[in-house]
Q: 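Quick one: the structure is below, questions incoming.
Numbered from 1 within each chain, the chains take letters A, B, ... in sequence-line order. Predicted model only: the values in this text are computed from it and were never measured.
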Amino acid sequence: MKFLCISCDTVMDFVERQIPGDGTLAAVFECGSCNKEVAMLTNPMETQLVSSMGVKIGGREVPAQPMELSRTSMEGGKEEVFEVPESGLPEHQGHPLSVTWTPEAVGRLDNVPSFVRGMVKRIYTDWAQQNGISEMNPVIMDRARTELGLEGM
Amino acid sequence: MRKIRTYQDVSHSTESELLEQVIEQQERLADRLSPIKCLVAIASGKGGVGKSAITANLAVGLASRGFKVGATDADLNGPSLGRMLNVSGATLGDSADGVAPAKSPTGVSVMSMELLQSEADAPLQWREPSLGGFIWQSSLETGVLREFLGDVAWGDLDVLLIDVPPGTDKIKRLLEILPSLDLMLLVTTPSETTRFVVAKSIRLAQEARIENIGLVENMESHVCPSCGHVSKLFGTEANEEELPYGTVSLWGSIPFDPRLGASTDEGRPLISTDPTAAVSIALQALVERVSEHINGGAQ
(Lines give C-alpha, C1' and ligand atoms only; values in the text may rest on other atoms or scores of the structure.)
Protein backbone atom coordinates (compact mmCIF):
# COMPACT_ATOMS: atom_id res chain seq x y z
CA MET A 1 0.00 0.00 0.00
CA LYS A 2 1.47 3.34 -1.04
CA PHE A 3 0.06 6.86 -1.03
CA LEU A 4 1.11 9.21 -3.77
CA CYS A 5 0.79 12.99 -3.55
CA ILE A 6 -0.32 13.71 -7.10
CA SER A 7 0.55 17.41 -6.99
CA CYS A 8 4.16 16.71 -6.02
CA ASP A 9 4.40 13.23 -7.58
CA THR A 10 5.89 12.19 -4.25
CA VAL A 11 5.24 9.05 -2.28
CA MET A 12 3.78 9.99 1.10
CA ASP A 13 5.43 8.76 4.28
CA PHE A 14 3.69 6.91 7.08
CA VAL A 15 3.36 9.15 10.14
CA GLU A 16 1.15 7.49 12.72
CA ARG A 17 -1.54 4.92 13.38
CA GLN A 18 -4.53 5.40 15.67
CA ILE A 19 -6.85 2.66 16.86
CA PRO A 20 -9.87 4.21 18.58
CA GLY A 21 -11.12 0.85 19.82
CA ASP A 22 -14.32 0.58 17.78
CA GLY A 23 -12.80 -1.70 15.18
CA THR A 24 -11.78 1.16 12.92
CA LEU A 25 -8.29 2.38 12.20
CA ALA A 26 -6.70 5.64 11.08
CA ALA A 27 -3.31 5.73 9.40
CA VAL A 28 -1.79 9.12 8.64
CA PHE A 29 0.55 9.70 5.71
CA GLU A 30 2.44 12.90 4.87
CA CYS A 31 3.91 14.28 1.67
CA GLY A 32 7.57 15.06 2.29
CA SER A 33 7.51 17.79 -0.38
CA CYS A 34 4.41 19.87 0.45
CA ASN A 35 3.77 18.49 3.98
CA LYS A 36 0.16 17.75 3.12
CA GLU A 37 -1.26 14.96 5.29
CA VAL A 38 -3.96 12.43 4.51
CA ALA A 39 -5.61 9.95 6.82
CA MET A 40 -6.62 6.51 5.62
CA LEU A 41 -9.70 5.47 7.57
CA THR A 42 -10.73 1.85 7.53
CA ASN A 43 -14.03 0.33 8.57
CA PRO A 44 -14.05 -2.70 10.96
CA MET A 45 -14.11 -5.19 8.07
CA GLU A 46 -11.13 -3.56 6.36
CA THR A 47 -9.27 -3.30 9.67
CA GLN A 48 -9.88 -6.99 10.27
CA LEU A 49 -8.63 -7.85 6.80
CA VAL A 50 -5.25 -6.30 7.61
CA SER A 51 -5.02 -7.64 11.18
CA SER A 52 -5.95 -11.15 10.01
CA MET A 53 -2.60 -11.21 8.23
CA GLY A 54 -0.87 -10.73 11.58
CA VAL A 55 0.67 -7.44 10.47
CA LYS A 56 0.38 -3.85 11.66
CA ILE A 57 0.30 -0.81 9.37
CA GLY A 58 3.35 1.29 10.10
CA GLY A 59 5.25 -1.61 11.57
CA ARG A 60 5.52 -3.06 15.03
CA GLU A 61 6.51 -1.30 18.20
CA VAL A 62 7.17 -4.67 19.81
CA PRO A 63 8.24 -7.92 18.15
CA ALA A 64 5.54 -10.40 17.22
CA GLN A 65 4.72 -12.63 20.19
CA PRO A 66 4.36 -16.41 19.91
CA MET A 67 0.83 -17.27 18.80
CA GLU A 68 -0.18 -13.64 19.00
CA LEU A 69 -2.73 -13.89 16.20
CA SER A 70 -4.40 -16.94 17.76
CA ARG A 71 -4.55 -15.36 21.21
CA THR A 72 -5.82 -11.99 20.15
CA SER A 73 -8.29 -13.22 17.52
CA MET A 74 -9.98 -16.19 19.17
CA GLU A 75 -13.31 -15.97 20.90
CA GLY A 76 -13.67 -18.31 23.86
CA GLY A 77 -10.00 -19.08 24.44
CA LYS A 78 -9.38 -21.40 27.38
CA GLU A 79 -8.34 -19.68 30.59
CA GLU A 80 -5.06 -20.82 32.13
CA VAL A 81 -4.00 -22.82 29.07
CA PHE A 82 -0.79 -20.82 28.82
CA GLU A 83 1.39 -21.29 31.87
CA VAL A 84 2.49 -17.92 33.21
CA PRO A 85 5.71 -18.21 35.26
CA GLU A 86 4.98 -18.40 39.00
CA SER A 87 7.54 -15.71 39.76
CA GLY A 88 5.23 -13.20 38.15
CA LEU A 89 7.90 -12.35 35.65
CA PRO A 90 8.60 -13.88 32.29
CA GLU A 91 12.00 -15.34 31.60
CA HIS A 92 14.52 -12.83 30.34
CA GLN A 93 17.76 -14.63 30.11
CA GLY A 94 20.75 -12.42 29.72
CA HIS A 95 19.04 -9.10 30.39
CA PRO A 96 20.81 -7.18 33.18
CA LEU A 97 17.74 -5.28 34.41
CA SER A 98 15.05 -7.07 36.36
CA VAL A 99 11.63 -5.47 36.55
CA THR A 100 9.60 -5.61 39.75
CA TRP A 101 5.83 -5.53 39.44
CA THR A 102 4.00 -3.62 42.18
CA PRO A 103 0.89 -5.31 43.65
CA GLU A 104 -1.27 -2.68 41.89
CA ALA A 105 0.31 -3.49 38.54
CA VAL A 106 -0.10 -7.22 39.13
CA GLY A 107 -3.74 -6.54 40.08
CA ARG A 108 -4.32 -4.72 36.84
CA LEU A 109 -2.71 -7.55 34.92
CA ASP A 110 -5.05 -9.98 36.63
CA ASN A 111 -7.89 -8.26 34.77
CA VAL A 112 -6.36 -9.36 31.47
CA PRO A 113 -7.70 -12.74 30.32
CA SER A 114 -5.14 -15.40 31.13
CA PHE A 115 -5.28 -16.48 27.48
CA VAL A 116 -3.16 -13.43 26.63
CA ARG A 117 -1.79 -12.49 30.08
CA GLY A 118 1.66 -14.06 29.70
CA MET A 119 2.12 -12.39 26.36
CA VAL A 120 1.01 -8.99 27.67
CA LYS A 121 3.24 -9.28 30.73
CA ARG A 122 6.19 -10.07 28.53
CA ILE A 123 5.51 -7.06 26.29
CA TYR A 124 5.34 -4.66 29.27
CA THR A 125 8.47 -6.12 30.85
CA ASP A 126 10.44 -5.95 27.61
CA TRP A 127 9.41 -2.32 27.17
CA ALA A 128 10.43 -1.47 30.76
CA GLN A 129 13.82 -3.11 30.32
CA GLN A 130 14.43 -1.32 27.05
CA ASN A 131 13.60 1.97 28.75
CA GLY A 132 15.69 1.32 31.86
CA ILE A 133 12.66 1.07 34.14
CA SER A 134 13.00 -1.34 37.05
CA GLU A 135 9.52 -1.05 38.57
CA MET A 136 6.23 -1.62 36.78
CA ASN A 137 3.31 0.23 38.29
CA PRO A 138 -0.04 1.38 36.85
CA VAL A 139 1.35 4.77 35.77
CA ILE A 140 4.20 3.12 33.90
CA MET A 141 1.74 0.65 32.43
CA ASP A 142 -0.35 3.52 31.06
CA ARG A 143 2.71 5.10 29.53
CA ALA A 144 3.83 1.82 27.97
CA ARG A 145 0.37 1.13 26.62
CA THR A 146 0.25 4.51 24.91
CA GLU A 147 3.73 4.20 23.45
CA LEU A 148 3.24 0.64 22.30
CA GLY A 149 -0.26 1.08 20.97
CA LEU A 150 -1.56 -1.72 23.20
CA GLU A 151 -5.18 -0.72 23.19
CA GLY A 152 -7.19 -3.16 25.22
CA MET A 153 -4.16 -4.57 27.02
CA MET B 1 -6.16 11.59 -18.45
CA ARG B 2 -3.46 12.29 -15.92
CA LYS B 3 -0.45 10.02 -15.82
CA ILE B 4 -0.24 8.65 -12.31
CA ARG B 5 2.65 6.40 -11.41
CA THR B 6 1.68 2.82 -10.68
CA TYR B 7 2.57 0.90 -7.53
CA GLN B 8 5.38 -0.82 -9.40
CA ASP B 9 6.72 2.50 -10.67
CA VAL B 10 7.22 3.67 -7.12
CA SER B 11 10.26 2.14 -5.51
CA HIS B 12 10.16 4.37 -2.44
CA SER B 13 8.94 2.65 0.72
CA THR B 14 6.12 4.27 2.68
CA GLU B 15 7.27 2.65 5.91
CA SER B 16 3.91 0.94 6.25
CA GLU B 17 6.13 -2.16 6.52
CA LEU B 18 3.42 -4.64 5.62
CA LEU B 19 5.49 -6.59 3.13
CA GLU B 20 8.46 -6.60 5.50
CA GLN B 21 6.31 -8.09 8.26
CA VAL B 22 5.00 -10.82 5.97
CA ILE B 23 8.58 -11.69 4.96
CA GLU B 24 9.56 -11.73 8.63
CA GLN B 25 6.73 -14.18 9.35
CA GLN B 26 8.00 -16.48 6.61
CA GLU B 27 11.55 -16.27 7.91
CA ARG B 28 10.43 -17.05 11.46
CA LEU B 29 8.56 -20.11 10.22
CA ALA B 30 11.55 -21.30 8.17
CA ASP B 31 13.87 -20.85 11.17
CA ARG B 32 11.53 -22.82 13.42
CA LEU B 33 11.18 -25.71 11.01
CA SER B 34 14.81 -25.88 9.92
CA PRO B 35 15.97 -28.16 12.79
CA ILE B 36 13.19 -30.65 11.98
CA LYS B 37 14.52 -33.51 9.91
CA CYS B 38 11.35 -34.45 8.06
CA LEU B 39 8.05 -32.65 7.46
CA VAL B 40 5.17 -34.94 6.54
CA ALA B 41 1.65 -33.83 5.61
CA ILE B 42 -1.18 -36.33 5.95
CA ALA B 43 -3.93 -35.12 3.64
CA SER B 44 -6.60 -36.36 1.31
CA GLY B 45 -8.84 -33.63 0.00
CA LYS B 46 -11.80 -35.78 1.07
CA GLY B 47 -13.24 -35.87 4.57
CA GLY B 48 -14.02 -38.93 6.67
CA VAL B 49 -11.29 -41.13 5.24
CA GLY B 50 -9.37 -41.54 8.51
CA LYS B 51 -6.57 -39.00 8.14
CA SER B 52 -6.47 -38.07 11.81
CA ALA B 53 -6.65 -41.67 13.05
CA ILE B 54 -3.82 -42.62 10.71
CA THR B 55 -1.81 -39.55 11.79
CA ALA B 56 -2.26 -40.41 15.48
CA ASN B 57 -1.28 -44.05 14.98
CA LEU B 58 1.64 -43.11 12.75
CA ALA B 59 2.85 -40.64 15.41
CA VAL B 60 2.66 -43.23 18.17
CA GLY B 61 4.26 -45.91 15.99
CA LEU B 62 7.18 -43.64 15.09
CA ALA B 63 7.62 -42.48 18.69
CA SER B 64 7.75 -46.10 19.88
CA ARG B 65 10.67 -46.63 17.51
CA GLY B 66 12.61 -43.88 19.22
CA PHE B 67 11.94 -41.04 16.80
CA LYS B 68 11.32 -37.56 18.20
CA VAL B 69 7.84 -36.91 16.85
CA GLY B 70 5.61 -33.84 16.68
CA ALA B 71 2.06 -33.68 15.38
CA THR B 72 0.15 -30.54 14.55
CA ASP B 73 -3.55 -30.46 13.89
CA ALA B 74 -4.10 -28.20 10.90
CA ASP B 75 -7.84 -28.78 11.17
CA LEU B 76 -8.70 -25.66 13.17
CA ASN B 77 -12.45 -26.06 12.84
CA GLY B 78 -12.70 -29.79 13.52
CA PRO B 79 -9.70 -30.63 15.67
CA SER B 80 -9.31 -34.21 16.88
CA LEU B 81 -5.61 -34.91 17.23
CA GLY B 82 -5.45 -33.64 20.81
CA ARG B 83 -8.08 -36.13 21.92
CA MET B 84 -6.59 -38.95 19.84
CA LEU B 85 -3.14 -38.43 21.31
CA ASN B 86 -4.55 -38.00 24.79
CA VAL B 87 -3.44 -34.45 25.52
CA SER B 88 -6.86 -32.85 26.03
CA GLY B 89 -6.71 -30.40 28.91
CA ALA B 90 -2.93 -30.01 28.76
CA THR B 91 -1.40 -26.60 29.47
CA LEU B 92 1.18 -24.97 27.24
CA GLY B 93 4.41 -23.40 28.44
CA ASP B 94 4.60 -19.76 27.41
CA SER B 95 7.94 -18.17 26.67
CA ALA B 96 9.28 -15.46 24.41
CA ASP B 97 10.89 -18.14 22.26
CA GLY B 98 7.65 -19.97 21.57
CA VAL B 99 4.81 -21.94 23.02
CA ALA B 100 5.79 -25.37 24.32
CA PRO B 101 3.65 -28.10 22.75
CA ALA B 102 1.64 -30.56 24.82
CA LYS B 103 3.35 -33.90 25.42
CA SER B 104 1.34 -37.08 24.93
CA PRO B 105 1.81 -40.12 27.22
CA THR B 106 3.45 -41.79 24.23
CA GLY B 107 5.99 -38.97 23.91
CA VAL B 108 4.52 -37.11 20.94
CA SER B 109 4.63 -33.29 20.96
CA VAL B 110 1.19 -32.02 20.00
CA MET B 111 -0.46 -28.76 19.01
CA SER B 112 -4.17 -28.58 18.32
CA MET B 113 -6.84 -25.91 18.41
CA GLU B 114 -8.66 -28.20 20.80
CA LEU B 115 -6.10 -27.26 23.47
CA LEU B 116 -6.92 -23.58 23.15
CA GLN B 117 -10.70 -23.76 23.27
CA SER B 118 -12.55 -23.40 26.55
CA GLU B 119 -15.49 -25.57 25.52
CA ALA B 120 -14.93 -28.84 23.69
CA ASP B 121 -18.26 -28.65 21.87
CA ALA B 122 -18.04 -24.98 20.91
CA PRO B 123 -17.38 -24.12 17.26
CA LEU B 124 -14.27 -22.10 16.58
CA GLN B 125 -15.19 -18.44 16.51
CA TRP B 126 -13.16 -15.32 15.93
CA ARG B 127 -13.58 -11.85 17.34
CA GLU B 128 -15.00 -10.32 14.25
CA PRO B 129 -16.90 -7.42 12.83
CA SER B 130 -20.50 -8.32 12.10
CA LEU B 131 -20.00 -8.54 8.35
CA GLY B 132 -17.47 -9.80 5.87
CA GLY B 133 -16.11 -12.93 7.55
CA PHE B 134 -15.83 -14.58 4.14
CA ILE B 135 -13.29 -11.90 3.17
CA TRP B 136 -10.79 -12.30 5.98
CA GLN B 137 -11.45 -15.66 7.64
CA SER B 138 -9.27 -17.71 5.29
CA SER B 139 -6.42 -15.25 5.74
CA LEU B 140 -6.78 -15.38 9.52
CA GLU B 141 -6.92 -19.17 9.69
CA THR B 142 -3.89 -19.47 7.44
CA GLY B 143 -2.11 -17.12 9.85
CA VAL B 144 -3.13 -19.23 12.83
CA LEU B 145 -1.89 -22.37 11.08
CA ARG B 146 1.39 -20.59 10.44
CA GLU B 147 1.58 -19.97 14.19
CA PHE B 148 0.83 -23.64 14.94
CA LEU B 149 3.86 -24.49 12.85
CA GLY B 150 6.18 -21.57 13.46
CA ASP B 151 5.42 -20.30 16.97
CA VAL B 152 5.52 -23.67 18.70
CA ALA B 153 8.84 -24.63 20.25
CA TRP B 154 9.12 -27.98 18.46
CA GLY B 155 12.84 -28.34 18.95
CA ASP B 156 14.90 -30.69 16.81
CA LEU B 157 12.27 -33.27 15.92
CA ASP B 158 12.96 -36.18 13.62
CA VAL B 159 9.54 -35.75 12.10
CA LEU B 160 6.64 -33.33 12.30
CA LEU B 161 3.33 -34.75 11.09
CA ILE B 162 0.73 -32.27 9.85
CA ASP B 163 -2.87 -33.48 9.87
CA VAL B 164 -4.47 -31.51 7.01
CA PRO B 165 -8.24 -30.92 7.01
CA PRO B 166 -10.49 -31.91 4.10
CA GLY B 167 -10.55 -29.74 0.99
CA THR B 168 -7.90 -29.41 -1.67
CA ASP B 169 -7.83 -25.69 -0.89
CA LYS B 170 -6.49 -26.54 2.58
CA ILE B 171 -3.63 -28.50 1.02
CA LYS B 172 -2.88 -25.53 -1.21
CA ARG B 173 -2.84 -23.08 1.73
CA LEU B 174 -0.47 -25.34 3.65
CA LEU B 175 1.91 -25.65 0.72
CA GLU B 176 1.88 -21.87 0.31
CA ILE B 177 3.11 -21.24 3.84
CA LEU B 178 5.53 -24.15 4.23
CA PRO B 179 9.06 -23.43 3.07
CA SER B 180 9.33 -27.09 2.02
CA LEU B 181 7.63 -30.44 2.50
CA ASP B 182 9.47 -33.77 2.54
CA LEU B 183 6.54 -36.10 2.11
CA MET B 184 2.83 -35.93 1.47
CA LEU B 185 0.77 -38.97 2.37
CA LEU B 186 -2.63 -38.89 0.71
CA VAL B 187 -5.24 -40.99 2.41
CA THR B 188 -7.79 -42.56 0.12
CA THR B 189 -10.45 -45.26 0.29
CA PRO B 190 -11.78 -47.61 -2.40
CA SER B 191 -14.81 -45.36 -2.82
CA GLU B 192 -15.19 -43.92 -6.32
CA THR B 193 -15.96 -40.46 -4.95
CA THR B 194 -12.89 -40.46 -2.74
CA ARG B 195 -10.69 -41.58 -5.61
CA PHE B 196 -12.02 -38.71 -7.69
CA VAL B 197 -11.15 -36.14 -5.01
CA VAL B 198 -7.79 -37.67 -4.10
CA ALA B 199 -6.80 -37.57 -7.77
CA LYS B 200 -7.23 -33.80 -7.58
CA SER B 201 -5.00 -33.66 -4.50
CA ILE B 202 -2.33 -35.70 -6.27
CA ARG B 203 -2.37 -33.31 -9.18
CA LEU B 204 -2.14 -30.35 -6.82
CA ALA B 205 0.83 -31.88 -4.99
CA GLN B 206 2.56 -32.73 -8.26
CA GLU B 207 2.04 -29.22 -9.60
CA ALA B 208 3.55 -27.92 -6.36
CA ARG B 209 6.54 -30.17 -7.13
CA ILE B 210 6.29 -32.23 -3.96
CA GLU B 211 8.94 -34.85 -4.60
CA ASN B 212 7.61 -37.60 -2.37
CA ILE B 213 3.92 -38.44 -2.54
CA GLY B 214 2.55 -41.66 -1.14
CA LEU B 215 -0.93 -43.14 -1.08
CA VAL B 216 -2.44 -44.77 1.97
CA GLU B 217 -5.53 -46.76 1.13
CA ASN B 218 -7.68 -46.91 4.23
CA MET B 219 -10.64 -49.25 4.72
CA GLU B 220 -9.40 -51.31 1.80
CA SER B 221 -11.00 -54.48 3.16
CA HIS B 222 -12.83 -55.89 6.14
CA VAL B 223 -11.77 -59.02 7.99
CA CYS B 224 -14.63 -60.77 9.76
CA PRO B 225 -13.60 -61.13 13.41
CA SER B 226 -15.55 -64.41 13.66
CA CYS B 227 -14.61 -66.39 10.56
CA GLY B 228 -11.72 -64.42 9.11
CA HIS B 229 -13.45 -63.91 5.78
CA VAL B 230 -12.04 -60.93 3.92
CA SER B 231 -14.60 -58.78 2.16
CA LYS B 232 -14.57 -55.42 0.42
CA LEU B 233 -16.33 -52.52 2.13
CA PHE B 234 -16.93 -50.65 -1.07
CA GLY B 235 -18.48 -52.10 -4.18
CA THR B 236 -16.20 -50.24 -6.54
CA GLU B 237 -13.25 -52.54 -6.93
CA ALA B 238 -10.99 -51.42 -9.72
CA ASN B 239 -7.93 -52.77 -11.48
CA GLU B 240 -4.79 -50.94 -10.51
CA GLU B 241 -4.39 -49.52 -14.01
CA GLU B 242 -7.92 -48.07 -13.84
CA LEU B 243 -7.18 -46.07 -10.70
CA PRO B 244 -6.74 -42.32 -11.21
CA TYR B 245 -3.52 -42.14 -9.17
CA GLY B 246 -0.99 -42.20 -12.00
CA THR B 247 2.46 -43.25 -10.88
CA VAL B 248 1.99 -42.40 -7.22
CA SER B 249 3.03 -45.38 -5.17
CA LEU B 250 1.05 -47.10 -2.46
CA TRP B 251 2.69 -46.64 0.94
CA GLY B 252 0.08 -48.37 3.04
CA SER B 253 -3.03 -50.47 2.81
CA ILE B 254 -5.11 -50.41 5.97
CA PRO B 255 -8.00 -52.83 6.51
CA PHE B 256 -11.16 -51.62 8.17
CA ASP B 257 -11.48 -52.35 11.85
CA PRO B 258 -14.05 -50.47 13.93
CA ARG B 259 -11.68 -50.61 16.87
CA LEU B 260 -9.21 -48.34 15.06
CA GLY B 261 -11.58 -45.40 15.24
CA ALA B 262 -13.06 -46.28 18.61
CA SER B 263 -9.78 -46.85 20.40
CA THR B 264 -8.02 -43.89 18.79
CA ASP B 265 -10.95 -41.59 19.56
CA GLU B 266 -10.51 -42.52 23.22
CA GLY B 267 -6.90 -41.40 23.14
CA ARG B 268 -5.48 -44.93 22.92
CA PRO B 269 -4.20 -45.43 19.38
CA LEU B 270 -4.78 -49.07 18.43
CA ILE B 271 -1.23 -49.50 17.17
CA SER B 272 -0.08 -49.44 20.79
CA THR B 273 -3.07 -51.04 22.54
CA ASP B 274 -3.45 -54.02 20.19
CA PRO B 275 -0.27 -54.34 18.14
CA THR B 276 -1.21 -57.81 16.86
CA ALA B 277 -4.48 -56.72 15.20
CA ALA B 278 -4.39 -56.90 11.41
CA VAL B 279 -4.96 -53.17 11.18
CA SER B 280 -2.06 -52.50 13.58
CA ILE B 281 0.24 -54.71 11.54
CA ALA B 282 -0.76 -52.78 8.42
CA LEU B 283 -0.11 -49.51 10.25
CA GLN B 284 3.30 -50.79 11.38
CA ALA B 285 4.16 -51.45 7.73
CA LEU B 286 3.35 -47.79 7.04
CA VAL B 287 5.42 -46.74 10.06
CA GLU B 288 8.31 -48.81 8.68
CA ARG B 289 8.07 -47.12 5.30
CA VAL B 290 7.99 -43.64 6.84
CA SER B 291 10.87 -44.57 9.18
CA GLU B 292 12.97 -45.49 6.16
CA HIS B 293 12.10 -42.17 4.58
CA ILE B 294 13.09 -40.24 7.72
CA ASN B 295 16.37 -42.10 7.81
CA GLY B 296 16.94 -41.27 4.18
CA GLY B 297 16.42 -44.82 2.97
CA ALA B 298 14.16 -46.27 0.31
CA GLN B 299 11.64 -43.78 -1.09
Q: Would you compute the distance between atom CG of A:L69 and atom CG of B:L145 and round it to the nearest 0.5 angstrom?
A: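 The CG atom of A:L69 sits 11.0 Å away from the CG atom of B:L145.
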
Q: I'd like to know if the side chain of A:Q48 and the backbone of B:W136 have a donor-acceptor N/O pair within less than 3.5 Å.
A: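 No, A:Q48 side chain to B:W136 backbone: no donor-acceptor pair under 3.5 Å.
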
Q: Using modelled atom types and a 3.5 Å cut-off, is there a donor and acceptor pairing between side-chain atoms of B:D151 and backbone atoms of A:P66?
A: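 No; zero donor-acceptor contacts below 3.5 Å.
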
Q: Which atoms of A:L49 come close to chain B, meaning under 4.5 Å heavy atom to heavy atom: side chain ones, backbone ones, both, or neither?
A: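 Answer is both: backbone and side chain atoms of A:L49 are under 4.5 Å from chain B.
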
Q: Judged by atom type as modelled, is there a donor-acceptor pair below 3.5 Å linking the side chain of B:Q125 to the main-chain atoms of A:G76?
A: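 Checking the backbone N and O of A:G76 against the side chain of B:Q125, no donor-acceptor pair under 3.5 Å is found.
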
Q: So which heavy atom on B:G93 is nearest to which on A:E83, and how close?
A: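 Looking at all heavy atoms of both residues, the shortest contact is CA-OE1, 4.1 Å.
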
Q: Donor-acceptor pair, A:E68 side chain versus B:E147 backbone, under 3.5 Å?
A: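 No, A:E68 side chain to B:E147 backbone: no donor-acceptor pair under 3.5 Å.
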
Q: As an exercise, state the distance from CD1 of A:I6 to NZ of B:K3, rounded to the nearest 0.5 Å.
A: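 Those atoms lie 12.5 Å apart.
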
Q: Output yes when B:D94 and A:R71 qualify as a salt bridge under the 4.0 Å nitrogen-oxygen rule, no when they do not.
A: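 Judged by the 4.0 Å cut-off on N to carboxylate O distance, B:D94 and A:R71 do form a salt bridge.
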
Q: Most heavy-atom pairs under 4.5 angstrom with chain B, which of A:G23, A:G77, A:A27, A:S51?
A: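 Of the options given, most contacts go to A:G77.
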
Q: Set out, in order, the CA-CA distance, both residues' side-chain angles and the distance that settles side chain to side chain contact (heavy atoms under 4.5 Å, CB included) for B:T91 and A:F82, then state yes or no.
A: CA-CA 6 Å; B:T91 54; A:F82 294 103; over 6 Å; no

Q: Given that the side chain runs from C-beta out, which part of A:E80 has a heavy atom under 4.5 Å from chain B: side chain, backbone, both or neither?
A: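 Backbone only.
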
Q: Listed by residue number, which members of residues 106-120 of chain B have a heavy atom under 4.5 Å from any heavy atom of chain A?
A: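 From residues 106-120 of chain B, the residues near chain A are B:M111, B:M113, B:E114, B:L115, B:L116, B:Q117, B:S118.
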
Q: May I ask you to test the A:E75-B:W126 pair for a side-chain heavy-atom distance under 4.5 Å?
A: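 Result no, sub-4.5 Å side-chain heavy-atom pair not found.
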
Q: In terms of heavy-atom proximity below 4.5 Å to chain B, should A:N43 be classed as side chain, backbone, both, or neither?
A: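 Interface part for A:N43: neither.
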
Q: Under a 4.5 Å heavy-atom cut-off, does chain A meet the side chain of B:A90, its backbone, both or neither?
A: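 Contact with chain A is through the backbone of B:A90 alone.
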
Q: Please determine whether side chain to side chain contact (heavy atoms under 4.5 Å, CB included) holds for the pair B:L124 and A:M74, giving the CA-CA distance in whole Å, both sets of side-chain angles, and the decisive distance to 0.1 Å.
A: CA-CA 8 Å; B:L124 175 60; A:M74 256 185 84; 4.1 Å; yes

Q: Looking at chain B, which one of A:E46, A:M45, A:M53 has the largest number of heavy-atom pairs inside 4.5 Å, strictly under?
A: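 The answer is A:M45.
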
Q: Considering only heavy atoms, which portion of A:Q65 lies under 4.5 Å from any heavy atom of chain B: side chain, backbone, both, or neither?
A: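 It is the backbone, since no side chain atom gets that close.
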
Q: Would you name the heavy atoms of B:R127 and A:T72 that are closest together and state the gap between them?
A: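 Shortest heavy-atom contact: NH1-O, 3.1 Å.
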
Q: Which heavy-atom pair separates B:G89 from A:K78 by the least distance, and what is that distance?
A: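 Closest heavy-atom pair between B:G89 and A:K78: CA-NZ, 3.8 Å.
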
Q: Just to be sure I understand the criterion: a residue of residues 76-87 of chain B counts if one of its heavy atoms is under 4.5 Å from a heavy atom of chain A. Which ones qualify?
A: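 No residue falls under the 4.5 Å cut-off.
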
Q: Does any backbone or side-chain atom of A:L4 lie under 4.5 Å from a heavy atom of chain B? Answer side chain, backbone, both or neither.
A: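 Side chain only.
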
